[in-house]
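Shown next, in structure tokens, is the structure this report addresses.
Each chain gets a letter, A, B and so on, in the order the sequences are listed, and its residues count up from 1. All values below come from the heavy atoms of this structure, side chains included, with hydrogens, waters and symmetry mates left out.
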Amino acid sequence: MGTPPGDAVNGAEIPGLGRRVTGLVISGPAGSPRGRSVTPLGGRVAEDLLYLGFQGRFLEASVRNLAGSGLLDTGLSDFGIDVRTTVIARAMRCGQDGRGDLCHPGLRSPGPALAFGATPLEVLRHLARKGTTPASARTGGWSWTDVRRGVMGWGGARGGMMTQVLAGAALAFKQRGEDRAALVFETRATLQAGGWHEGMNLAGAVRAPLIVVVEDGLPSDSSEETDVEAVAASYGVAFERVAEDAHERVFRMVASARRRAVSGEGPTVIVLVPLAEEDSWALHDDFAARVVARGDVTQSVLDDIESAAATAVDHASGRLNKEPGPSARDALAPVLTDAVPVVPWTRRDPPSPAPPPSTQRAVDAD
Amino acid sequence: MGTPPGDAVNGAEIPGLGRRVTGLVISGPAGSPRGRSVTPLGGRVAEDLLYLGFQGRFLEASVRNLAGSGLLDTGLSDFGIDVRTTVIARAMRCGQDGRGDLCHPGLRSPGPALAFGATPLEVLRHLARKGTTPASARTGGWSWTDVRRGVMGWGGARGGMMTQVLAGAALAFKQRGEDRAALVFETRATLQAGGWHEGMNLAGAVRAPLIVVVEDGLPSDSSEETDVEAVAASYGVAFERVAEDAHERVFRMVASARRRAVSGEGPTVIVLVPLAEEDSWALHDDFAARVVARGDVTQSVLDDIESAAATAVDHASGRLNKEPGPSARDALAPVLTDAVPVVPWTRRDPPSPAPPPSTQRAVDAD
Amino acid sequence: MPTEAPPHVNRTRAGEAATFLEAISEALWEEMERDERVFLMGEDIGAYGGAFKVTRGFLDRFGPSRVIDTPISEGGFTGAAAGAAHMGLRPVVEMQFMDFVSPAYDVLTNYIATSLYRGAGPIPLVVRGPVGGGNRGGPFHSQNVEMAFFHTPGLKIVYPSNPRDAKGLLKSSIRDDDPVIFEEHKGLYRAPHCREVLPPDDYVIPLGRARTALEGEHLTIVTYGLMVHRSLDAAAELARDGIRVEIIDLRTLLPLDEEAVAVSLRKTGKLLIVHEDTRTGGIAGEIAIRMNERAFEWLDGPILRVTAIDSPVPFSGELEDYFLPSVQDVVTAARYLVEY
Amino acid sequence: MPTEAPPHVNRTRAGEAATFLEAISEALWEEMERDERVFLMGEDIGAYGGAFKVTRGFLDRFGPSRVIDTPISEGGFTGAAAGAAHMGLRPVVEMQFMDFVSPAYDVLTNYIATSLYRGAGPIPLVVRGPVGGGNRGGPFHSQNVEMAFFHTPGLKIVYPSNPRDAKGLLKSSIRDDDPVIFEEHKGLYRAPHCREVLPPDDYVIPLGRARTALEGEHLTIVTYGLMVHRSLDAAAELARDGIRVEIIDLRTLLPLDEEAVAVSLRKTGKLLIVHEDTRTGGIAGEIAIRMNERAFEWLDGPILRVTAIDSPVPFSGELEDYFLPSVQDVVTAARYLVEY
Ligand SMILES: Cc1ncc(C[n+]2csc(CCOP(=O)(O)OP(=O)(O)O)c2C)c(N)n1
Ligand SMILES: Cc1ncc(C[n+]2csc(CCOP(=O)(O)OP(=O)(O)O)c2C)c(N)n1
Ligand SMILES: [Mg+2]
Ligand SMILES: [Mg+2]
């Protein structure tokens, strides 16, 4: 059985509040994950969800701004942040020491990465191709990997590869008997890719502690209306659906899927039904209103959380411009652990007309 | 709507009988494909099924024999002929002129290839790597392609590729409004391959006239017990199961799936449940007994059919040894339609020390 | 229901100059009008008109049975295209980015490339799509894919450098009975300097034949695609010092027109190969050994190459520019060889 | 539940000679005993012991969580292996035949090979399995796969020629932090002439270092895998005419030990590359251009190659023998070069 979700190993600090926002346990009673009623979440989880939600909201605005002023690709600002992805990710056991859960945040929203400990500045660096983190300038986009924090990014193809990779990671957890699970966000059409089926089949067969969230987003011309529930049934794995549900219900549903996963009952596939465009932050606001009404968080703490999130994002976008671009040498980051990357001689001195090799034998005696 | 199944365009002749065994229409009334009762099949279809069944039976013995005497790889004799595959294939519209149905016979049994017009000698040539047909010495095994007769063989990987290929062929039939369908035999574990899912998804999405038979054969350690019915459901395609059914029922079920396919109702997945080992020819014998009992075929015609089949297979295995092996040049069959294959100079004359190129400009004026 | 050709496939009929991308669109349109067996498959190529809008307007004109929006399953629909080709159709498959051809690697190398050899008949099929770096696409939207297929007997690979060739070579590829991988460099798609008035007739350019992009005598540069332009820029700079470079634009990489390379090498005695793709295992190696085999005595210096660095394509602009071969790289290598 | 090692992984401990296959089994067994992070994945490797019985007895000893029978989904389980490697395990993936690595081409080239560069950390993983022709396996059970991966920065490729190297190189590959493609030639698996007594200690052979298989002075042959033996046979024949050939066994193809090749070439002035894989786009090209780059002045003749024919691998014995490079081919080419 798993540690209660939300029990992160380390947490970041809410700057304006001077205390940790992750590293929390649920203090409220465990609600039925399938129940219709909105069971309160513990105060610290609630604070986290509020903070992360505000961060996402301000980040969205900030990215649009930066794109407008040419500091980011407009292509990269063309995303739909879905606050529910944050809630889903936060229901996992996020850690900072390489021993928590794993998450592939998908490409649609930074929410899950934020929930797993990424900072707004890191998100922006990646979008802006800045060279101050190991990979932002090399692969960038919405996606990067930080094994320590459990973020498994991939800005590559939508072929279901991350379901395979996270299935394998989950297999490792299971093999070692660890209380860890993996969460992967995929988009709808990815289910058309054979690679996704192979990953899902494997995960189902070995009962890997894996949760696959299918973000049922913008229909593309090439998406058939796959019946995800039938697909899940064909792999004998559990299925859930998230629609315009309250944060509380989403959180508990995922927490419960996580519990099933780590206790060996196998993967769950969750379909995330798209929100009406105008609703994208309504669930956040409803949640905030509820926690204040319930007295879990006072209005003044809520205001502090909001302004702390705003400050963090402002700080990040302000600092982004001052950060150095990558150095060209970063293009030569090693592709092998033990090799110095080779620069073509045209970037260096030309070879001498008859390049003399070292005379010493490179061949071992054998 | 399709032409009645069994209405082949051209037929081969039963040698001992001096008349065609394919090119037949069902003369009996159409039975309910799902009915439990055994509705008679037309006399000529019955004769065909008897002839093909006997051929398979004798071929199985012959291949074991040849393998025992070292003329064939023993590995290639290690197959399980399933007489029902012949019935399934014969329920399609086999032609000889490139305008009939298509069939990928799979690797387990020559039955479907025989039903689509292959001769026992051709089967043996492929197994024996003889060079007297275009591909036998080059790819051989259980598998070859003859587009004219509608045989689409492939001795390659079990990755579901033939479901893709036949789905595409079926798409072409549909695009041209032809009365044609495609039949593909796959083995059970192939359903684990992403490639199979991609082919099936595409076929389902475009309602290609495709029938996929899953030969649920020997369990391999790597086969999970995929629930094929659930998989078919996830693609929204029809599902059928063939167990120890009488030939008549199998034939009508497939004929009906074919009718659905060509009338635009989409693919069908059929699971072929394995026979008990000792039963492998029992269904054939039951069928023979029934057609004789019903008076559709007299005992003497049955005997003639049996001995014609025996003669054909004897002839084939007798002739096999007398056939020439391939010539080494056949290894160089072109890989491009307009290219003469290049032989490395070590197989020919060595180049002169400073090989003179033609002086004429190969570059067009542009 | 036949509709008017949209503007981007009507440049030539209107007597206007066409971009590289428009040349591709024109070739597809004309071949689909000429031969009803030709049809298109790809992701979002129908209503959406394709990620780069190559097929905008095609769905209206040719209908959904000839402009097929596929699921995201490059292996599956390439396999299906092969089946349709077996049945006499002529599929042209678009990869949204050619980087995504990798899931189709299995079917292309094992099934499609071997078909003729297996006695299963030819598979006339074109797989086309955008390739190449310089567009800040990062490692998964910037690749060159020729070396994934160059080692596979049974495939052809075409990589044009200008609108005229693109149109003529794509028409040839569609009419060809063999499977063709057709690479279109994104950096050429809308490049203004590439725009040109195309011949008004139904011309084709034969596969397997290189083109002399520039005549010269001191050094042969063998190249293709966008690098033809980099090499021409380098040649212009070298010309100021009286160095006259001959540039061979391969156009087709497989089969390789080694005759054209050898003829030029005989004239210049020096050979430099320039490719945008990464270095190790790039096409330069094959050209080098072929020239060893048939033209060793004419070599007055080593065969050298200018290529990208052995690394994935970086995402940031600064890094990508450093990663890619530059005009200056070509100039440096050329000078070195000429002085050798 | 620890069981006795079955005989085929116990040859060395018993002081007996081991075949190539047994050397592979021993390496796997010893690494699994040494390091509990090492685990195996593949089709029918457990109860069945693998198609070639390399892992017979492993399931009993190491249990089903370290000897995992996978579905037939090479892409999927290679991707999963990558995930497990991210989490600190050291997967060794068996392809039943290496031909079937092609469905894993996408994940190997795009995800796994780029991981370190992307800042996602190393992916220590070995993909191993049988390769090569001569066993009448036909086109889909006989391929060499090195050139599918040679062009991808971020992968290593190992291809041993004898039991001693096989064991030492496989151990190194498993301990290496980078992803390694490890090719085992079926023609060596049980070859009696290959059998040898292996060092009793826990030895490793470093990746990226070639080996001189034969010292000579008139000609350098660069080769690997089964072709080392063909080349040795050719050398024996040439020796009868006083021609002394030096044979470099590459052992690791990527990274390529160009230093070893250059050093030998400096001594002999002549270079012949022998590979079993098909010709166009084979590794010979890369070796040729590297020697142009760094050793041109020492070349006293063209760099030549002996290879298979550009075609799929034929199924019939006669055709396959014609298709594959023979001892006679090597002798012919060597004589030509020596006389050049
Ligand atoms: C293997 C692969 N093929 C093609 C693409 C190009 N591509 C990127 S997004 C996309 C559409 C994705 O549709 P869907 O999964 O429904 O995502 P959404 O519409 O929700 O963004 C395609 C085809 C890709 N990234 N990877
Ligand atoms: C892509 C691919 N991977 C691996 C193999 C090797 N292989 C051949 S048959 C087989 C087992 C097939 O099992 P199943 O589909 O259940 O067939 P059956 O047991 O009925 O013969 C395997 C793994 C293959 N042919 N293709
Ligand atoms: Mg969509
Ligand atoms: Mg099975």
Chain A contact via D/Ser115 - which portion, at a heavy-atom distance below 4.5 Å: neither
Six-ring centre of D/Tyr117, A/Arg138 cation under 6.0 angstrom, axis tolerance 45°: yes
Quiz item: cation-pi between D/Arg211 and D/Tyr224, 6.0 Å / 45°: no
Heavy-atom proximity to chain D below 4.5 Å, by part of A/Met152: side chain
Greatest number of heavy atom pairs closer than 4.5 Å to chain D - which of A/Lys174, A/Arg176, A/Arg180, A/Met200: A/Arg176
Donor + acceptor pair across side chains of A/Thr163, A/Trp196 (<3.5 Å): yes
Lys NZ or Arg CZ of D/Arg118 over D/Tyr111 ring: under 6.0 Å, within 45°: yes
Parallel, tilted or perpendicular, as decided by the 30° and 60° cut-offs, for the rings of A/Tyr235 and A/His197: tilted
A/Asp146 portion near chain D, given a 4.5 angstrom heavy-atom threshold: neither
Contact winner vs chain D - A/Gly195, A/Ala169, A/Ala172, heavy-atom pairs under 4.5 Å: A/Ala169
Which atom of D/His86 lies closest to which atom of A/Val147, heavy atoms considered: O-CG1, 4.0 Å
Option in A/Ala339, A/Ala167, A/Pro334 with maximal non-hydrogen atom pairs under 4.5 Å from chain D: A/Pro334
Contact winner vs chain A - D/Leu207, D/Asp176, D/Ile112, D/Leu89, heavy-atom pairs under 4.5 Å: D/Leu89
Which portion of A/Thr139 sits near chain D, non-hydrogen atoms under 4.5 angstrom: side chain
Residue, of D/Ser65, D/Pro179, D/Gly88, that accumulates the most heavy atom pairs under 4.5 Å with chain A: D/Ser65
Single hit among D/Val158, D/Ile205, D/Ile157 for side chain to side chain contact (heavy atoms under 4.5 Å, CB included) with D/Thr252: D/Val158
Contacting moiety of A/Leu336, where chain D heavy atoms sit under 4.5 Å: both
Interface moiety of D/Pro255 toward chain A, non-hydrogen atoms closer than 4.5 Å: side chain
A/Arg158-A/Thr187 side chain donor-acceptor pair, cut-off 3.5 Å: yes
Cationic N near anionic O, under 4.0 Å, A/Arg148 to A/Asp97: no
Chain A contacts, top residue of D/Pro91, D/Ala84, D/Pro124 (heavy-atom pairs, under 4.5 Å): D/Ala84
Residue D/Glu74 versus chain A: region with a heavy atom under 4.5 Å: backbone
